[in-house]
Amino acid sequence: DMFNGRYKQHDIEIVRVGGNRNWYIRVRAPNGLYAYDGYWRDSAHQSLDDAITEACTGACLWTPNTTAEQPARAQEQR
């Protein structure tokens, strides 16, 4: 499973190899530094949509339960 996208000028890459593995998330800021780079702990049973939400919240791009715009759900890319 894999996802590549952009949100608020940040490049988002999410990968999971095999169905029972944790998601690997990388969120790169416009300046080239990584706002998130690593495995999402205990995420083996989480969906791609959940991983996208984790990427955006973990990189401090989106805060749930506020008036900020929610990141769009994505179609899974294979």
Side-chain angles (χ1 to χ4, degrees):
D1 299 336
M2 180 171 60
F3 170 80
N4 288 297
R6 286 181 65 78
Y7 184 68
K8 294 189 176 181
Q9 300 180 341
H10 287 66
D11 294 318
I12 301 171
E13 178 183 351
I14 302 172
V15 178
R16 175 169 59 188
V17 178
N20 292 327
R21 300 194 181 233
N22 289 332
W23 290 99
Y24 187 82
I25 299 172
R26 293 175 85 177
V27 179
R28 188 171 56 183
N31 64 4
L33 298 176
Y34 285 95
Y36 194 128
D37 185 10
Y39 283 98
W40 179 23
R41 183 183 301 218
D42 300 325
S43 64
H45 299 289
Q46 301 295 324
S47 70
L48 176 60
D49 286 343
D50 293 333
I52 292 169
T53 299
E54 169 63 16
C56 292
T57 56
C60 298
L61 300 177
W62 177 69
T63 304
N65 300 320
T66 68
T67 57
E69 111 186 42
Q70 181 173 1
R73 298 296 188 187
Q75 295 287 332
E76 186 172 345
Q77 299 177 358
R78 294 182 190 256

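Any value given below was found using the heavy atoms of this structure, including those in side chains, with hydrogens, waters and symmetry copies removed. Just so it is clear, the model here is predicted, and its values are computed rather than measured.
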| task | Check Arg16 against His45 and note the closest heavy-atom contact, atom names and distance. | result | NH1-N, 4.4 Å
| Nearest non-hydrogen partners of His10 and Ala29, listed with the distance | CD2-CA, 3.4 Å
| field | Any Thr53 side-chain heavy atom under 4.5 Å of Trp62 side chain | value | yes
| task | Measure the shortest side-chain to side-chain distance between Leu61 and Val27 over non-hydrogen atoms and say whether it is less than 4.5 angstrom. | result | yes
| When rounded to the nearest 0.5 angstrom, what distance separates OG1 in Thr57 from OH in Tyr36? | 7.5 Å
| From CD (Gln46) to CD1 (Ile52), nearest 0.5 Å | 13.0 Å
| query | What residues join Tyr34 in its hydrophobic cluster, counting side-chain heavy atom gaps under 4.5 Å, either direct or through other members? | reply | none
| request: Could you list who else is in Tyr39's hydrophobic cluster, with ILVMFWY side chains joined at under 4.5 Å, directly or through other members? | output: Tyr24
| said: side-chain hydrogen bond (donor to acceptor under 3.5 Å, both in side chains), that's the test. Do Asp50 and Ser47 meet it? Break it down for me. | reply: CA-CA 5 Å; Asp50 293 333; Ser47 70; 3.2 Å; yes
| request: Can you sort out the partners of Ala44 under side-chain contact (heavy atoms from CB on, under 4.5 Å), two or more places apart, ordered by chain and number? | output: Asn22
| task | Name all residues meeting the side-chain contact (heavy atoms from CB on, under 4.5 Å) criterion together with Ala51; count only those two or more places apart in sequence or in a different chain, and write none if there are none. | result | Ile14, Trp23, Trp40
| said: Does anything in residues 29-38 form a salt bridge (charged side-chain N to carboxylate O under 4.0 Å, His left out)? List the pairs, not counting sequence neighbours. | reply: Arg26-Asp37
| field | Contacts of type side-chain hydrogen bond (donor to acceptor under 3.5 Å, both in side chains), residue Arg6, not counting sequence neighbours | value | Asp11
